[in-house]
Amino acid sequence: MYNNMGPQPGMPRPPGNPQPGPFGNPFTGAGSGFIRGGLGAYGERILGSSSEYVQSNISRYFSDPQYYFQVNDQYVRNKLKVVLFPFLHRGHWTRISEPVGGRLSYKPPIYDINAPDLYIPFMAFGTYVVLAGLSLGLNGKFTPEALNWLFVKGLVGWFLQVMLLKVTLLSLGSGEAPLLDIVAYGGYAFAGLCLAGFSKIMWGYSYYALMPWTCLCTGIFLVKTMKRVLFAEVRSYDSSKHHYLLLFLALVQFPLLIWLGNISVNWLF
Amino acid sequence: MTKEFAVPPVDFAGGSTAGANFQQRRVPTAPFQPPRPSSVSSSIPFMSFDAASAAASTPAGPFGGTIASSSSFGGGGYASFEDEEPLLDELGIRPDQIWKKTRSILNPFRINKTVHKDSDLSGPIFLYLALCLFQLLAGKIQFGVILGWVVVSSIFLYIVFNMLAGRNGNLNLHTCTSLVGYSLLPVVMLSAVSLFVPQGAGPVRFVIAAAFVLWATRACSNLVVSLADGGEEHRGLISYACFLIYTLFTLLVIF
């Protein structure tokens, strides 16, 4: 259905330039230079002492964000297909890992369709806000303040999604997946929401068909991804608890996405 | 009772002596110092503030004192009135540059990146004011909203471009804001045109708006990719980000 650009495990790997993995040195690349320049300056001003304190704290909570933006057109297209139609993904769902400097790190998104990225979530969030503004305007209720409220509502929804995933991981004993990974997984729901929103604008009644479909697809995608994350992160394998939590994850998508997709001026429906 | 004041004589000399005197200017003195003997008659009589004259007009005393001190600070760097730079040069606003850059956006199919190499923010400010003016004519007071959205969207484009470009991305925020601002020209034209297109969300409005949005997107993404390194292989991704930005502004215009 698509060409997976990365090598399958077992095949000889191309001699690529060493990309910093999520657990690697966070201070290479323009992204981390941005962090170091921008936030390091604040650190010096606020703390007075050297900015290393701030830098070490930042690196503990945020893995290198530049890893998540190593994308290209083909990856974006294929990943959107995976997110919107997850049952059509014929390949495996595990991320390809490679040993970098003695530690095991994952390949960047260009080489691995299963790696999370932050470009799609950000663009999907922006598209969601724009489409919401468009649908508000078509109903005659557009004001800039309403759009600001929708932006905040989207952020709250994203935050709730991230909290849900994080709590799922924590309750199974280990929450050590990098925060930006979880933020990326949480943001993929907006891609389905954009599809539903777009269909609502095109023909009003198709929304009622497409919304459950979106919730289902996002649920399946999250379940399959979190299953792999749990395999990688959690030590003990308690089968029933895992499965109940994953089922709960998929079921909670329904109210959450319906709340987010219901575009109106009020906070709650 | 009268007091003796050491007020220098005010000289309203006309004729040829005026030209000679124009070159000299009396150095303004600090408020409470005796007038210097070297100060000759000034060609600009109103500059001859003095402690004595300031004390003489007591109702205007503090006022005169502040004027004197401000004139002593303001008169500082220049030898004469003619050596001062013109106001626009001093502010850094170059109208011919602005006009050239604005004209280069008018043709989205041919990018002239050399004109935009030195970024400035005064052109975007003019375009922002023009957009706000047309919105005002349409009955919407959105000065703060548009300014906030321009700032947020230029930060957004800056982050996205530098993250995508990776190691060798070198777009800086000033250039980014300048490009986003100049590419608002199609949106400004759309808001001017939409004053005359009949109200109501008809398909005509949307088609015209879509055309202008695509114009602005193409201009902005071409400029951004050609001015900063590292963006060539991510052209489509960056132009989608620009598309989102200009659709947002168009929403303000058409609704």
Side-chain angles (χ1 to χ4, degrees), chain A residues 17-20 27-35 37-38 64-77 80 108-110 117-148 150-151 180 194 201, chain B residues 135 140-149 152-153 155-173 199-203 205-206 209-210 213 228-255:
Chain A
N17 39 347
Q19 307 280 359
F27 295 125
T28 54
S32 50
F34 167 69
I35 288 187
D64 173 29
Q66 224 272 309
Y67 165 85
Y68 299 94
F69 279 92
Q70 290 166 12
V71 292
N72 60 354
D73 271 350
Q74 192 182 22
Y75 170 83
V76 168
R77 265 202 304 267
L80 277 177
I110 305 189
D117 74 309
L118 275 179
Y119 176 80
I120 294 182
F122 273 116
M123 292 302 141
F125 183 73
T127 313
Y128 164 74
V129 169
V130 166
L131 281 177
L134 204 56
S135 84
L136 270 187
L138 285 173
N139 295 335
K141 291 186 264 175
F142 179 85
T143 64
E145 289 74 27
L147 202 61
N148 291 341
L150 276 169
F151 178 79
L180 285 183
C194 290
I201 291 174
Chain B
Q135 290 291 87
K140 311 172 207 168
I141 307 181
Q142 287 165 348
F143 286 83
V145 168
I146 299 181
L147 184 63
W149 285 12
V152 166
S153 50
I155 292 180
F156 172 72
L157 188 62
Y158 166 73
I159 290 180
V160 166
F161 185 89
N162 279 336
M163 286 294 183
L164 279 178
R167 242 167 266 264
N168 40 3
N170 65 347
L171 185 69
N172 60 335
L173 194 55
Q199 272 291 332
R205 256 176 116 85
F206 289 125
V213 164
D229 320 322
E232 282 80 21
E233 58 261 18
H234 302 293
R235 200 173 258 257
L237 304 179
I238 291 171
S239 58
Y240 186 69
C242 296
F243 176 74
L244 282 183
I245 292 176
Y246 291 112
T247 314
L248 209 57
F249 284 109
T250 315
L251 282 182
L252 275 183
V253 172
I254 54 180
F255 289 124

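Chain letters run A, B, ... following the sequence lines, proteins first and then strands; every chain starts at 1. Since we're looking at a predicted model, the values are computed, not measured.
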To the nearest 0.5 Å, what is the distance between CG (Asn72(A)) and CG (Leu237(B))? 7.5 Å
In Å, rounded to the nearest 0.5 Å, how long is the span from NE2 of His234(B) to CD of Gln70(A)? 9.0 Å
Roughly how far, to the nearest 0.5 Å, is the CD1 atom of Ile254(B) from the CG atom of Leu134(A)? 6.5 Å
Would you find more than 12 non-hydrogen atoms of other residues, nucleotides or ligands less than 6.0 Å from Tyr240(B) atom OH? yes
CZ of Phe142(A) to CG of Leu251(B): how many Å apart, nearest 0.5 Å? 5.0 Å
Closest approach of Asn148(A) and Trp149(B), non-hydrogen atoms and distance? OD1-NE1, 3.8 Å
Between Leu252(B) and Pro144(A) the two heavy atoms that sit nearest each other are CD2-CG, 3.6 Å
Nearest atoms (heavy-atom pairs only) where Gln66(A) meets Gly166(B): NE2-CA, 3.1 Å
Tell me, for Val76(A) versus chain B, whether the close heavy atoms (under 4.5 Å) come from the side chain, the backbone, both or neither. side chain
How long is the span from the CD1 atom in Ile110(A) to the CD atom in Glu233(B), to the nearest 0.5 Å? 8.5 Å
Chain B contact via Leu147(A) - which portion, at a heavy-atom distance below 4.5 Å: side chain
Could you please state which residues from residues 121-129 of chain A sit under 4.5 angstrom from chain B, measuring non-hydrogen atom to non-hydrogen atom, sorted by number, or 'none'? Met123(A), Gly126(A), Thr127(A)
Nearest 0.5 Å please: distance from the OG1 atom of Thr143(A) over to the NZ atom of Lys140(B). 11.5 Å
List the steps, then state whether side chain to side chain contact (heavy atoms under 4.5 Å, CB included) holds for Phe151(A) with Val152(B). CA-CA 13 Å; Phe151(A) 178 79; Val152(B) 166; over 6 Å; no
For Phe156(B), which atoms come within 4.5 Å of any heavy atom of chain A: side chain, backbone, both, or neither? side chain
